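Reviewing the structure listed below.
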Protein chains: 2
Amino acid sequence: MDAHPTRISLIQAAIRQFGRGGFEAASTRTIAAQAGTNISSIAYHFGGKDGLRIACADAVAERVAQVARPLPGLQDRPDPRHARLLLRRLVRRIVTFMIVSPGASDAVAFVLRELAEPDSPVLDRLYATLIEPRHRALCALWSAATGAPAEAEEVKLAVFSLVGQAVYFRVAAPIVQRRMGWRHYGRAEARAITRRMLANLDRMIGDGDG
Amino acid sequence: MDAHPTRISLIQAAIRQFGRGGFEAASTRTIAAQAGTNISSIAYHFGGKDGLRIACADAVAERVAQVARPLPGLQDRPDPRHARLLLRRLVRRIVTFMIVSPGASDAVAFVLRELAEPDSPVLDRLYATLIEPRHRALCALWSAATGAPAEAEEVKLAVFSLVGQAVYFRVAAPIVQRRMGWRHYGRAEARAITRRMLANLDRMIGDGDG
DNA sequence: GTCTATAAACAGATAGAC
DNA sequence: GTCTATCTGTTTATAGAC
């Protein structure tokens with residue numbers, strides 16, 4: 001909420017550290033040092049390490065919400081061709097965000113770690129603010145593109161399949177890059193991944209019933 | 001290598017703990033207690049916590065190698081229809097292994113954590129023994145099914161897309177289950193995921209050039 | 001091989017100066 | 001708000017009894 005510079009630096013450093021080795025592996029000392037401030041600032045601004053964790057979850061959720069802001073409203077139901085176009089645009093945006101934007105690696109790793117932990121203290125928060133609304137929106141678009149009901153099991157699983165691919169390309173980057181012979185994720189690599197994911201999307205949507 | 005019972009118990013407990021909160025979050029005390037032995041056993045059998053980490057990586061790689069043993073040899077090149085059949089069978093097997101087999105959750109989480117860490121001490125090992133050979137085999141099958149060259153960029157990315165979906169369904173299980181309204185991953189849930197992934201596979205392979 | 005006891009380094013939290 | 005200093009508990013590693 002607050003735009004205090006120390007607060008922001010701490011959150012940024014914490015997402016990085018939490019994303020790399022996990023919450024418990026990151027030490028408040030390292031985070032504070034990387035943020036260019038003192039350890040006690042964490043207690044002052046967030047009440048402790050756990051408070052910092054929550055603040056990180058909120059920060060990521062808010063950042064993603066801003067990137068995904070111009071999503072078409074759920075109320076207007078586009079025709080199949082338009083829905084497919086919007087889905088393609090979203091896939092492009094997701095891949096671009098995840099692959100090329102700096103810092104996305106740590107943010108995605110942080111979120112996935114929290115999502116994987118069954119009793120993470122921020123799981124409810126992330127699900128309600130980040131996962132659920134966006135997954136629901138994608139299901140609605142998928143439904144408009146294919147004609148299947150938006151809340152059908154098949155549709156929900158299809159959307160998970162799609163985002164799962166993107167998440168994997170980001171999180172498993174070290175081995176993907178090694179297998180592909182890539183030195184890093186740059187524009188060319190992002191383009192190749194985008195091409196593949198768009199092809200997957202088109203085929204999964206098919207000509208109707210998927 | 002050794003079949004010493006304490007060794008095995010320790011590895012099993014360690015994979016579980018490493019998979020849940022990450023390597024650094026797991027304490028040797030907890031691991032030893034869960035294995036029903038003393039902390040010092042870790043130093044004795046593995047030289048220390050790092051040695052245990054390596055032993056875990058080898059254990060998972062070996063276990064997967066056993067499950068994936070009856071893979072068709074790379075030298076014989078099946079015709080497209082047969083290749084598609086084999087791919088479908090492999091998808092079934094992968095989902096079954098990941099979703100329903102007990103303990104797979106922790107093993108997958110452990111491996112993914114190591115793969116995500118760019119300078120994990122066991123990344124090279126896991127890549128060489130677990131990732132590369134299996135990815136290569138899948139690419140060969142994909143090639144046989146579609147006609148595309150096995151080492152083409154598109155093919156390698158397609159295979160990553162496919163396994164990425166399965167990994168995501170496993171690792172992000174808490175939110176998948178919440179969104180799907182599932183209480184856990186059982187036979188019915190595994191069947192639904194398998195159905196979706198087989199549909200994805202069929203469409204991605206298409207009628208040829210994918 | 002498995003245990004107890006302990007060492008040395010590290011963690012997060014906090015009291016209080018400024 | 002930010003710092004230093006310190007408290008308390010926990011970490012891994014290890015020495016040595018059995």
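So that the names make sense, note that chain A is the first sequence line, chain B the second, and so on, each numbered from 1. Only a predicted model underlies this, so the values are computations on that prediction, with no experimental measurement involved.
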Set out, line by line, the N/O atom pairs under 3.5 Å between protein and nucleotides 2-4 of chain D.
unit_1 : atom_1 : unit_2 : atom_2 : d
D:dT2  : OP1    : A:T6   : OG1    : 2.7
D:dT2  : OP2    : A:H45  : NE2    : 2.9
D:dC3  : OP2    : A:T37  : OG1    : 3.0
D:dC3  : OP2    : A:N38  : N      : 2.9
D:dC3  : N4     : A:S40  : OG     : 3.4
D:dT4  : OP2    : A:N38  : ND2    : 3.2
D:dT4  : O4     : A:S40  : OG     : 2.8

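- Taking atom NZ of residue A:K49 and atom P of nucleotide D:dG9, one finds them 18 Å apart after rounding to whole Å.
- A salt bridge does not link B:E153 to A:R196: none of the charged nitrogens lies less than 4.0 Å from a carboxylate oxygen.
- For the pair A:R53 CZ and C:dA11 P, the interatomic distance rounds to 17 Å; values are reported in whole Å.
- As a whole-Å value, the separation of A:F46 CZ from D:dG1 C1' is 13 Å.
- With sequence neighbours left out, B:I94 forms a side-chain contact (heavy atoms from CB on, under 4.5 Å) with B:M98, B:A166.
- A:S101 pairs by the side-chain contact (heavy atoms from CB on, under 4.5 Å) definition with A:R63, A:F97, A:A104, not counting sequence neighbours.
- Here B:R92 pairs with B:R88, B:T194, B:L198 under the side-chain contact (heavy atoms from CB on, under 4.5 Å) rule; sequence neighbours left out.
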Only pairs under 3.5 Å count here: list side-chain donor-acceptor contacts from residues 116-131 of chain A, not counting sequence neighbours, and write none if there are none.
unit_1 : atom_1 : unit_2 : atom_2 : d
A:S120 : OG     : A:E114 : OE1    : 2.5
A:S120 : OG     : A:V122 : N      : 3.1
A:S120 : OG     : A:L123 : N      : 3.4
A:D124 : OD1    : B:R178 : NH1    : 2.8
A:D124 : OD1    : B:R178 : NH2    : 3.0
A:R125 : NE     : A:D58  : OD1    : 2.7
A:R125 : NE     : A:D58  : OD2    : 3.1
A:R125 : NH2    : A:D58  : OD2    : 3.2
A:Y127 : OH     : B:R179 : N      : 3.4
A:T129 : OG1    : A:R125 : O      : 2.8

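- Atom-to-atom, CD1 of B:I42 to P of C:dG1 comes out at 17 Å; the value is rounded to the nearest Å.
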Considering only distance and modelled atom types, tabulate donor-acceptor pairs under 3.5 Å from the side chains of residues 24-31 of chain A, sequence neighbours left out.
unit_1 : atom_1 : unit_2 : atom_2 : d
A:S27  : OG     : A:T30  : N      : 3.0
A:S27  : OG     : A:T30  : OG1    : 2.8

Task: Bracket string, DNA chain C, 5' to 3' - pairs by Watson-Crick or G-U geometry under 3.5 Å, | interstrand - done: ||||||||||.|||||||
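- For the pair A:R29 CZ and D:dA5 C1', the interatomic distance rounds to 11 Å; values are reported in whole Å.
- The ring pair (Phe, Tyr, Trp, His ring centres under 6.0 Å) pairs that include a residue from residues 12-69 of chain A are A:H4-A:H45, A:F18-A:F23, where partners are two or more places apart or lie in different chains.
- More than 12 heavy atoms of other residues, nucleotides or ligands lie within 6.0 Å of CD in B:Q177, so this atom counts as buried by the packing criterion.
- Near DNA chain C, meaning a heavy atom under 4.0 Å away, there are no residues from residues 14-28 of chain B.
- Partners of A:A144 by side-chain contact (heavy atoms from CB on, under 4.5 Å), not counting sequence neighbours, listed by chain and number: A:R77, A:P78, A:A83.
- Separating the CG atom of A:L10 from the C1' atom of C:dG12 is a distance of 15 Å, rounded to the nearest angstrom.
- Legend: residues meeting ring pair (Phe, Tyr, Trp, His ring centres under 6.0 Å) with A:F169, ordered by chain and number and at least two apart, are absent.
- Pairs of residues two or more places apart, or lying in two chains, never qualify as ring pair (Phe, Tyr, Trp, His ring centres under 6.0 Å) while including a residue from residues 179-200 of chain A.
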